[in-house]
Every structure is written in C-alpha cells, then in structure tokens.
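Please read these numbers as outputs of a predicted model, since none were measured by experiment. Because only heavy atoms are used, hydrogens play no part in the values below, and waters and symmetry mates are left out as well, while side chains stay in.
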Amino acid sequence: MSVTEIISTEPATGAELWRGQIGDAAREVAIARDSWAAWAAQPLAVRVETLRRFANVVRGRLEAFADLIARETGKPLWEARTEVESVINKVDISITAYSDRTAQRRFEGALGAKSAVRHKPHGVLAVLGPFNFPAHLPNGHIVPALIAGNAVVFKPSEKTPASGAFLVECFHAAGVPEGVVRLLIGGPDEGRALASDPGIDGLLFTGSARAGQALHRQFGDMPQKILALELGGNNPLVVWDTPDIASAAVIAVQSAYMSAGQRCTAARRLIVKDGAHDALVEEIGRLIDRIIVDHPHADPQPLMGPVIDNATADQVQERFLDLMLKGGRPIKQMGRPDPALPFLTPALIDVTDIAARPDEEIFGPVLQLIRVPDFEAALAEANNTRFGLSASLVAGDPDLYDRFWGTVRAGVINWNRPTNGAPSNAPFGGIGLSGNHRPSAYYAADYCTYPVTSSEADQPRASIGVGLRE
Ligand SMILES: NC(=O)C1=CN([C@@H]2O[C@H](COP(=O)(O)OP(=O)(O)OC[C@H]3O[C@@H](n4cnc5c(N)ncnc54)[C@H](O)[C@@H]3O)[C@@H](O)[C@H]2O)C=CC1
Ligand SMILES: O=C(O)CCC(=O)N[C@@H](CCC(=O)O)C(=O)O
C-alpha cells in the first residue's frame, strides 16, 4: 500500500502533532515555473519590501512558531525562539548581502563603450531542508533566492513538515505570491522527484553527506543546473595549553551537546594533550552531570531535549556501543532513561586506542576524546577526516592559533570559541565531504543568481585595427 500522508509526532511525547498529504513534485514545479517570471520582473524594491513584510509576519507569530518548532524537533523552547529570531534576521542580512555580492558594476570598456556586470535569477530553485533547523536553514536559501527573483519549491524534512508548512504560510501571508513559494510535503522519494524534475534550474540542499553525494551523482550530467550542498561534519575541538579549564570545559560542552548534538557544526572530536587533560575531562564530566535533558517546555528549561525520533536514538546508541566494542573507553556513558522515547544523556568516550576510528558524523550527543603527544599530532588529528565544516582551538598562545588556522582544513575555524553558533552575516560552508564550495549564509546571494557581463555603447562602435587591405 503506498503511503499518501506524512504524520509528524512530537519526539518528547510521541503524540501526533500534524498530518498532511504527500505532494506532487511535478505539479509544484509547474506552478512555480508559471509564476517566477512575473516575480523576477518586479522591481527589486518590491521584492525587498515583501520580504521585510515577511520578517514582520514572523515577528508577530514568534511565540507560536517557536512553540511549534520546539514541539516538532524536541529542542528547548528558548532555543526554538533563537531559531525564529534567525529567520527574522535573515531578511536584512540577505538584503545587504544581495547588494554587497551582486550589485550592478559599470566600468570603462573599449572604444568608449561601457562594461557592466549584472546578475539574473536562475528561475525555479528547489530547496530541500533538514530537520534540525527546520525553519532557519531552509529559510537561509529561500529568502536570498526570492530577493534575487527566483521562485522556490521547498520540501521540508519529512520529520518536520509542520514547521516547513508554517514557514511557507508566513511567506504567503506577507504577500509573496502563492505560486512563487511552493510547499512540497514528502520524504526522500519526493526529494528525488523534485531534484530530477526537468523544470527546476537548481537545487539548494542542506542535509546529510550521504544524501548530498546521491544528489551530486544525480546532477552529474547537468552542468547547467546550480547545485549548492551544505552537508555534515566530523568537527574537531583542540584544547591546548590553557590555564582556564573551566571556560574550556564550557566551550566543549556547548560545542558538543547544544541541540542534543544535532548540529552540523557540533564538535564530535575533542583533541587534547596526553597527560595534561585530566583536569579538563573531570570538569567536562562535572558539567555533563549538571546538564538538564528534558521536555522542550519543561521548567527549568533544559539544555537539551530529545533527539529527533526513536530510530535516530537507536542509531546513536548503536554507534556509541560500536565505539566501545572497537576499544573506546566510556568516560560518561550514554543513557536513555525511557527506552520508549528518544531522550539521550550526553556521552563522552575516549577513543584514542581505536586504531581505525570511523570517520563518520554521529548526529547526537556524543563527544569522542582523542589524546595526542604534541601540537603537530593535534593538527594532524584535526585534519584526520573527510569532512571540513568547523574546527576550534582553545589555547592562549596566538602563535598556536596561527598554526591551527594555517593547517586545519575547514570552512569555519574558531579560536577560544565553540565550533557551532556560526554567524549569518558571514559565509557558511565547508570543504571535503561537508559541501561543494557553494557556501551559504552571507554568500547564499552568490548561488541564487548568475552574473551577466555586457559591453555596452549607445551607438555601434567598432574598429578593425589590423588585417584589412587599404
Ligand atoms: N552544512 C549545513 O549547513 C548543515 C548540515 N546539516 C546536516 O544535515 C543532516 C541532518 O539532517 P537530515 O534531515 O537528517 O538530513 P537528510 O539528508 O536525511 O535529509 C535532508 C533532506 O533531504 C531529503 N532527502 C534525503 N535523502 C534524499 C535523496 N537521496 N534525494 C533527495 N532528497 C533526499 C530529506 O527528505 C530532507 O528533506 C546532518 O548530516 C547535518 O550535519 C544540518 C544542518 C546544517
Ligand atoms: O546559515 C546561517 O545563517 C549561519 C549558519 C548557522 O546558523 N549555523 C548554525 C546551525 C547550523 C547547524 O549546525 O546545523 C551553527 O553553526 O550552529
């Protein structure tokens, strides 16, 4: 029997939250195709004004939106509120980015002509969103795409369709024509159908490396379509020679366990100097014991809610067990207080003695400790991954940071700051398996348009200087 509905349940309770019909990618793309030219023909000021209204609509619905995101993802309410703030802030940032990155440029050309560089929208862009930031991350593609004059077909994650539907409703309420932002409900099958629809001009994807690789293969013989991939990470946090153990431990905990470890920028590997790490590990352990893991609306507010669903909790537990079977030594065991629900307690495991450590992203609250003899080995270990999204160094010595910055391969490199919490007013993307060199956030403006170079004169101007007989 074919599935015709997507049902969204609250991870924290298992209660049904939302249900909706699975959509038809071809239909949504056709509607968007019919609508995009009129949107692109609007003056930029009209599109900008419409997007500013969208920000106001979201602002007016902040509490309802945050409540929905908290219920649907399980993230704490305070964190869901910060996600909605990011949705609002994205508008002004994207307007600035559009003029900064894609403004018209004119300069002197040959024979008194002028040269000009202007940008055009692609047409219809598909957006596939992840579950962990079901509003902020797809919004980070949709807003710049709309400002640039594209139409969008957005498929939220099958795990967070209600948040996706809410977001689309806000665009429509603000006056973005219904045909210009289309909602496609569905899972990977609908994602594949959307990605292979001949009517799209490009795909903006945030999600796992595995899905990103599949899409990259699918787009292999379509160089004419823009493909932006924002993928996962196996991010290192190196703590070296710092007297401030308390702050280092806080940075480690924030990096590893915010959003229950379900951030692409979460620290997965904590790299420390062998023999000098005991105090740090003890302090992290003390903090872990104090972390409140609870329902998103609980009082006091938790640091972490559940992971997204029971299947994910099972997988994360299996991966933790697998690290133990391979020789990892748990410092803080992963707990699951209620086996029927996906609440996991934060885990810390020493994997130094595992000879071939799996270079995989464990998308949950697991931090792997790796002890190394010297800073050279720390740098090598930080780079011992196919991914390259974020990396942080905690150390007092600026020379160490210079070496770290110069050697480590990642799109986000921080000093005495967590690996996560990247700003929206800077480019955001990774190298290696973390993306395809089309960074998002501030640079999303780049992949939402293509540049057109023109040589222009108000009268024909030409001269063949050589090669003609008198
Ligand atoms: N670099 C970045 O900016 C970010 C990356 N992520 C990454 O996203 C992942 C977590 O999100 P998930 O929702 O689990 O990712 P996912 O890859 O499972 O799903 C993402 C979206 O793609 C769709 N999809 C899945 N397989 C597909 C396929 N073969 N073809 C077409 N569509 C497909 C899904 O339905 C969903 O809408 C993590 O790996 C995380 O690191 C998450 C947030 C930010
Ligand atoms: O896309 C932006 O506007 C900035 C990047 C961003 O928000 N990054 C966040 C969340 C991404 C994730 O980890 O899933 C972060 O760095 O924490």
Side-chain angles (χ1 to χ4, degrees), residues 23-41 44 47 51 90 94 97-98 101-102 118-130 137-157 164 167-168 171 176-177 179-184 186 188 190-209 211-231 427-430 434-452:
D24 175 0
R27 176 176 180 275
E28 300 308 332
V29 172
I31 295 172
R33 275 230 82 76
D34 281 349
S35 311
W36 87 267
W39 177 249
L44 174 61
R47 295 198 301 271
L51 270 297
K90 184 62 78 175
S94 302
Y98 181 80
R101 304 287 300 171
T102 63
R118 304 185 187 88
H119 292 76
K120 290 192 186 189
H122 297 287
V124 175
L125 293 176
V127 171
L128 295 178
L137 291 174
N139 190 60
H141 298 301
I142 297 171
V143 167
L146 292 177
I147 291 172
N150 299 280
V152 167
V153 180
F154 165 42
K155 193 198 80 60
S157 164
L167 182 68
V168 169
F171 283 112
V176 178
V180 169
V181 178
R182 301 301 302 169
L183 174 70
L184 174 64
E190 286 67 36
R192 274 185 284 272
L194 179 58
S196 57
D197 193 291
I200 64 164
D201 298 292
L203 172 68
L204 314 179
F205 176 81
T206 304
S208 62
Q213 285 175 298
L215 289 163
H216 197 259
R217 283 192 292 274
Q218 198 175 325
F219 274 63
D221 63 351
M222 293 191 285
Q224 72 276 24
K225 299 200 181 191
I226 189 91
L227 177 66
L229 299 173
E230 315 300 331
L231 310 176
F428 179 70
S434 297
N436 68 337
H437 300 276
R438 297 206 181 274
S440 192
Y442 202 70
Y443 282 7
D446 299 22
Y447 58 63
C448 291
T449 60
Y450 64 95
V452 179

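- The side-chain heavy atoms of Leu146 and Val181, taken from C-beta on, include a pair separated by under 4.5 Å.
- Within the 4.5 Å cutoff, side-chain heavy atoms of Ile142 are placed close to those of Leu167.
- Nearest heavy-atom pair across Gly429 and Glu230 is CA-OE1, 3.9 Å.
- No donor-acceptor pair closer than 3.5 Å links the side chain of Arg101 to the backbone N or O of Ala444.
- Residue-environment remark: NE2 (His216) stays at or below the threshold of 12 foreign heavy atoms within 6.0 Å.
- Panel note: side chain Trp39, backbone Pro177; no donor-acceptor pair is recorded below 3.5 Å.
- Sorted by first and then second residue, the salt bridge (Lys or Arg N to Asp or Glu O under 4.0 Å) pairs with a member in residues 24-38 read Glu28-Arg182, Arg33-Asp201; sequence neighbours excluded.
- Listed here is the closest heavy atom pair of Leu204 and Cys448: CD1-SG, 4.4 Å.
- Within the 4.5 Å cutoff, side-chain heavy atoms of Leu44 are placed close to those of Ile147.
- When all heavy atoms are compared, the tightest approach of Asn139 to Pro144 is O-CD, 3.8 Å.
- For Phe205, there are no ring-ring contact (aromatic ring centres under 6.0 Å, His included) partners at least two apart in sequence or on another chain.
- Looking at heavy atoms from C-beta onward, Leu137 lies in side-chain contact with Pro130 at the 4.5 angstrom threshold.
- Pro121 and Tyr450 get closest at one heavy-atom pair: O-CE2, 3.4 Å.
- In this structure, the ring-ring contact (aromatic ring centres under 6.0 Å, His included) partners of Tyr447, at least two apart in sequence or on a different chain, are His141.
- Side-chain atoms of His119 never come within 3.5 Å of backbone atoms of Thr449 as a donor-acceptor pair (strictly under, hydrogens ignored).
- Here the side chain of Lys225 pairs a donor or acceptor atom with the backbone of Ile200 at under 3.5 angstrom.
- Residues Leu125 and Ile226 meet the side-chain proximity criterion, which asks for heavy atoms closer than 4.5 Å.
- Across every non-hydrogen atom of Gly179 and Ser35, the tightest pair is CA-OG, 3.3 Å.
- Across all non-hydrogen atoms, the minimal contact from Arg47 to Ala40 is NH1-O, 3.2 Å.
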Worksheet entry | Tyr98/Val143 under side-chain contact (heavy atoms from CB on, under 4.5 Å): CA gap, chis, key distance, verdict | CA-CA 10 Å; Tyr98 181 80; Val143 167; over 6 Å; no

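- Side-chain atoms of Pro156 and Leu183, non-hydrogen and from C-beta on, do get closer than 4.5 Å to each other.
- With contacts defined as side-chain heavy-atom distances shorter than 4.5 Å, the pair Lys155/Leu128 qualifies.
- Between Leu194 atom CG and Leu215 atom CG the span is 9.5 Å, to the nearest 0.5 Å.
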